[in-house]
Protein chains: 2
Amino acid sequence: MDYNLYNTVKVLKKLSGSGNTVYLSSGQLAKELNVSQQTASRFIIELTEQKYIERTLQNRKQKITLLEASLDLLYSELNDLNSILEMKQDFELKGEIQNGLGEGKYYISQKGYMDQFSSKLGIKPYPGTLNIKIYPEYENILRRIRSADGTHIDGFKDNERTFGAVKCFSGRIDGTNAWLIFPERSSYTDIVEIISEKFLRKDLNLNDHDRLTIRVTLDK
Amino acid sequence: MDYNLYNTVKVLKKLSGSGNTVYLSSGQLAKELNVSQQTASRFIIELTEQKYIERTLQNRKQKITLLEASLDLLYSELNDLNSILEMKQDFELKGEIQNGLGEGKYYISQKGYMDQFSSKLGIKPYPGTLNIKIYPEYENILRRIRSADGTHIDGFKDNERTFGAVKCFSGRIDGTNAWLIFPERSSYTDIVEIISEKFLRKDLNLNDHDRLTIRVTLDK
DNA sequence: ATTACTATACCTCGAGTAA
DNA sequence: TTTACTCGAGGTATAGTAA
């Protein structure tokens with residue numbers, strides 16, 4: 001990803017405010033970027049090809065929508081700087097408990113994962129996940145966490161299928177240690193999967209749709 | 001400032017950790033940046049010319065020191081992203097009261113400033129400043145605040161001399177509203193000048209060398 | 001109004017190499 | 001070992017312009 005595209009994404013996000021859509025001609029964008037209209041046009045084409053934005057040409061100004069890749073780009077630069085400049089980063093996520101489908105249990109119980117949880121996270125997780133649907137107000141914080149590095153767990157294959165790499169972030173729920181698990185490659189979702197040594201549902205007496213708060217510290 | 005230089009500064013800061021000095025050959029830097037040794041060398045020269053770094057060539061690796069301009073660059077990018085991504089930013093500065101020299105009073109009492117304090121900040125400040133020497137642990141937070149935009153106050157001239165532009169940040173000391181004042185162009189200092197409608201020294205019963213906490217919110 | 005193609009000017013990068 | 005100059009190849013930006 002080169003800087004021109006980063007900078008273009010930054011300007012587009014700035015102009016689209018809290019939404020992710022902006023109506024903007026290539027000439028206007030050119031002024032924002034201090035480049036020619038032709039160059040701005042080229043940037044838009046490149047961003048579109050690389051799936052950072054979607055756009056629809058209209059009679060007048062084109063409508064540009066920032067895709068998840070753009071937000072990832074900005075949030076990971078933000079994380080980079082925060083980490084390099086050693087700013088403390090404490091985050092709070094709120095959401096509610098999703099009824100588990102038992103699928104998480106199948107996944108994390110795989111030896112390929114469990115061995116790494118043990119060696120890299122230093123825990124032997126309860127074989128199941130707690131799924132939290134994060135409230136929309138916290139989606140930016142969620143993006144921020146997701147785009148940080150975390151502790152990497154390699155993917156692997158067994159005879160039948162492939163299990164993807166995931167990354168983990170240390171967190172706390174009601175003072176109990178837990179880990180947030182994200183697929184390394186994934187489309188954006190508002191569901192966070194949590195694992196812990198404890199059986200959280202029982203230990204914290206949690207039920208479906210209970211509201212709860214997850215605290216995460218990105219320490220680096 | 002172009003991206004290559006931004007990125008070089010970022011890498012140099014990353015490598016110098018909490019200090020601002022790093023010993024690094026152009027070849028090593030080249031690897032970090034994924035460019036040729038020649039290009040890395042050129043970047044170092046350009047950064048030196050533009051006073052972002054200082055370096056001394058040594059027998060082996062050259063010693064590179066990041067100057068304040070580099071930190072400004074990184075902190076202002078961080079602020080940019082924070083503001084664009086609408087992350088909340090609450091900061092805490094701690095320091096102790098410096099004996100005022102009465103000079104602040106002379107400055108801020110100028111009509112050229114007072115009129116703008118009134119129109120732009122909506123306050124009629126007590127004619128004097130409280131000077132706080134910020135503890136070194138908070139210098140990064142101070143840099144972060146200083147490199148944000150704040151409320152701009154134009155500079156002006158009277159018959160005799162020139163008064164520089166300043167920028168102001170809204171803050172609180174012990175629950176009392178106050179404004180932090182920074183020269184727009186200045187070398188780095190750990191002294192923060194505070195103005196307020198109140199006579200803070202008296203109202204908050206403050207004395208020289210008292211320790212105090214300033215809270216600042218950067219909103220957008 | 002727009003967007004974006006073509007052609008050229010310009011700039012940036014890195015190989016070769018000197019000190 | 002270093003740093004950093006020269007110069008040619010390749011890449012990037014813009015003017016002109018069509019649609």
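Chain letters run A, B, ... following the sequence lines, proteins first, then strands; residues in each count from 1. Predicted model only: the values in this text are computed from it and were never measured.
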Q: Between B:Lys133 and B:Glu96 (salt bridge meaning N to carboxylate O under 4.0 Å), is one present in this structure?
A: no

Q: Rounded to the nearest Å, what distance is computed from the CG atom of residue A:Asn7 to the C1' atom of nucleotide D:dA13?
A: 16 Å

Q: Could you state the CZ-C1' distance from A:Phe43 to C:dA4, rounded to the nearest angstrom?
A: 14 Å

Q: To the nearest Å, how far apart are B:Ile64 CD1 and D:dT2 C1'?
A: 13 Å

Q: Take atom CD1 of A:Ile45 and atom P of D:dA13, then tell me their distance rounded to the nearest Å.
A: 13 Å

Q: Between A:Tyr6 and A:Tyr3, how do the two ring planes meet: parallel, tilted or perpendicular, split at 30° and 60°?
A: tilted

Q: Side-chain N or O of A:Arg42 versus OP1/OP2 of D:dA13: is the shortest distance under 4.0 Å?
A: yes

Q: If you compare every side-chain N and O of B:Gln62 against the phosphate oxygens of D:dT2 (OP1, OP2), does one of them come in below 4.0 Å?
A: no

Q: What is the ring orientation for B:Tyr113 with B:Phe156, classed by angle as parallel under 30°, tilted 30 to 60°, or perpendicular over 60°?
A: perpendicular

Q: Give the nucleotide from the list C:dT3, D:dA13, C:dC13 with an atom nearest to the side chain of B:Asn4.
A: C:dC13

Q: Could you identify which residues of residues 31-40 of chain B place a heavy atom less than 4.0 Å from some atom of DNA chain C, listed by residue number, or say none?
A: B:Val35, B:Ser36, B:Gln38, B:Thr39

Q: Nearest-Å distance, CG (A:Leu5) to P (D:dG11)?
A: 16 Å

Q: Of the options C:dT3, D:dT3, D:dA13, whose atoms approach the side-chain atoms of B:Ser25 most closely?
A: D:dT3

Q: Between A:Lys111 and A:Asp158, is the closest basic N to carboxylate O distance under 4.0 Å?
A: no

Q: Bend angle of the helix from C:dT2-D:dA19 to C:dA19-D:dT2 from five-pair axes at both ends, rounded to 10°?
A: 40°

Q: A:Asp2 has an atom CG; how far is it from atom C1' of C:dT12, in whole Å?
A: 13 Å

Q: Which of parallel (below 30°), tilted (30 to 60°) and perpendicular (above 60°) describes B:Tyr107 and B:Phe163?
A: perpendicular

Q: Would you mind reading off the distance between B:Tyr3 atom OH and C:dC13 atom C1', rounded to a whole angstrom?
A: 17 Å

Q: In this structure, how many angstroms lie between the P atom of D:dA4 and the CD atom of B:Glu49, rounded?
A: 10 Å

Q: Checking A:Thr189 now: which residues fulfil side-chain contact (heavy atoms from CB on, under 4.5 Å) with it, not counting sequence neighbours?
A: A:Ile191

Q: Between B:Tyr138 and B:Phe91, does the ring centre distance come in under 6.0 Å?
A: no

Q: What is the nucleic acid contact for A:Ile44, judged by heavy atoms within less than 4.0 Å: base, sugar-phosphate only, or nothing?
A: nothing

Q: Taking atom types as modelled and ignoring hydrogens, do the side chains of B:Lys94 and B:Thr213 form a donor-acceptor contact shorter than 3.5 angstrom?
A: yes

Q: Taking atom types as modelled, is there a side-chain donor on B:Lys13 or B:Asn20 under 3.5 Å from an acceptor on the other?
A: yes

Q: Can a side chain N or O of B:Arg55 be found less than 4.0 Å away from OP1 or OP2 on D:dA4?
A: yes

